[in-house]
Amino acid sequence: MPVLLIAEDDEDIALVLTRVFKRAGMTVLRAADGQAALELIVEHHPDVVVTDLGMPRMDGWELIAAVRSRPEVADTPIAILSGHLRPGDPRAGTAQCCAILLKPCPNDQLLATVRELLAIGPHDHDSSESRCPAEMPVSV
């Protein structure tokens, strides 16, 4: 069973997300802030991380950077799910996240994104040969 970590400080949103992913057959770990999320990631090595950006103690940007700086978990697929991202934010292009979803995000789109990241699995985020969907060309 795939293991997903949700980093979300809003209790209501976290409960809904947990329910959605558990119904999809995933084991769900939850952290209410970025620091707690990092500790769980290092301890449990989840298959995918879904993080909000606006969180206490360590925001989502800092969480992504902290994960990418730790060799034992650096290849973990990470998706941002946030209502705090502003158009043109330069951090979106350099954060080494695999997907960006804006709240409110339809459950089917969220599940499809997480399933895609599960199918790709752990991957490099620094090379031109990366399997990261954020690095793949978009077809129109």
Side-chain angles (χ1 to χ4, degrees):
M1 189 177 322
V3 177
L4 172 79
L5 182 129
I6 299 169
E8 172 62 63
D9 62 324
D10 184 297
E11 185 69 27
D12 293 334
I13 293 172
L15 288 172
V16 169
L17 293 174
T18 298
R19 189 175 319 125
V20 166
F21 289 114
K22 282 186 174 181
R23 285 183 181 164
M26 298 178 202
T27 298
V28 178
L29 305 172
R30 181 179 173 263
D33 63 66
Q35 183 61 46
L38 180 60
E39 292 165 9
L40 287 172
I41 292 165
V42 170
E43 181 180 350
H44 295 282
H45 296 250
D47 298 302
V48 175
V49 172
V50 174
T51 184
D52 188 16
L53 292 177
M55 297 183 292
R57 295 202 316 152
M58 178 187 289
D59 70 20
W61 301 116
E62 294 166 324
L63 173 61
I64 294 167
V67 170
R68 297 292 179 241
S69 73
R70 294 177 178 260
E72 70 275 21
V73 293
D75 59 357
T76 304
I78 301 174
I80 291 172
L81 175 63
S82 182
H84 291 106
L85 191 61
R86 301 289 175 241
D89 190 321
R91 296 174 292 184
T94 60
Q96 295 185 324
C97 64
C98 306
I100 297 175
L101 302 165
L102 299 177
K103 294 176 186 172
C105 180
N107 291 346
D108 58 342
Q109 182 182 359
L110 183 58
L111 281 169
T113 300
V114 168
R115 286 182 176 134
E116 178 184 359
L117 294 178
L118 286 168
I120 293 168
H123 57 274
D124 179 37
H125 296 88
D126 292 330
S127 74
S128 62
E129 298 172 16
S130 174
R131 295 179 296 149
C132 187
E135 302 300 324
M136 294 178 184
V138 177
S139 58
V140 180

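Note that these values count all heavy atoms, side chains included, but never hydrogens, waters or copies made by symmetry.
Val28 belongs to a hydrophobic cluster with Leu4, Ile6, Ile13, Val16, Leu17, Val20, Phe21, Met26, Val48, Val50, Leu81, Leu101, Leu110, Leu111, Val114, Leu117, Leu118, counting contacts under 4.5 Å between side-chain heavy atoms of Ile, Leu, Val, Met, Phe, Trp and Tyr, direct or through other members.
Between Cys98 and His123 there is a side-chain heavy-atom pair separated by less than 4.5 Å. The shortest distance between side-chain heavy atoms of Asp59 and Leu53 does not fall below 4.5 Å.
Pairs engaging residues 1-14 under the side chain to side chain donor-acceptor pair (under 3.5 Å) rule: Glu8-Lys103, Glu11-Arg30 [sequence neighbours left out].
Listed for the Asp47 side chain is a donor-acceptor partner under 3.5 Å among the backbone atoms of Val3. The backbone N or O of Pro106 sits nowhere less than 3.5 Å from a side-chain atom of Gln109 that would complete a donor-acceptor pair.
Interatomic distance, Ile120 CD1 to Asp75 CG, rounded to the nearest 0.5 Å: 12.5 Å. We find the CD-OG distance between Glu62 and Ser69 to be 12.0 Å, quoted to the nearest 0.5 Å. Here OG1 of Thr113 is found 12.5 Å from CD1 of Ile80. Values are rounded to the nearest 0.5 Å.
Across Ala32 and Pro56, no two heavy atoms sit closer than the pair O-CD, 4.0 Å. The two residues Pro2 and Gly25 come nearest to each other via the heavy atoms CD-O, 3.9 Å. Of all non-hydrogen atoms in Ala24 and Arg115, the two that sit nearest each other are CB-NH2, 3.6 Å.
Among residues two or more places apart in sequence or in another chain, the salt bridge (Lys or Arg N to Asp or Glu O under 4.0 Å) test is passed with Asp33 by Arg57. Residues satisfying the side-chain hydrogen bond (donor to acceptor under 3.5 Å, both in side chains) test with Thr18, not counting sequence neighbours, are none. Taking Pro104 as the reference, nothing meets the side-chain contact (heavy atoms from CB on, under 4.5 Å) condition, with sequence neighbours excluded.
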Distance-only criterion, 3.5 Å: show the donor-acceptor pairs between side-chain atoms of residues 37-46 and protein atoms not counting sequence neighbours.
unit_1: Glu39; atom_1: OE2; unit_2: Gln35; atom_2: NE2; d: 3.3
unit_1: His45; atom_1: ND1; unit_2: Glu72; atom_2: O; d: 3.3
unit_1: His45; atom_1: NE2; unit_2: Val42; atom_2: O; d: 3.2

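The side-chain contact (heavy atoms from CB on, under 4.5 Å) with Ile78 is formed by just one residue from the set Leu63, Val73, Ile64; it is Ile64.
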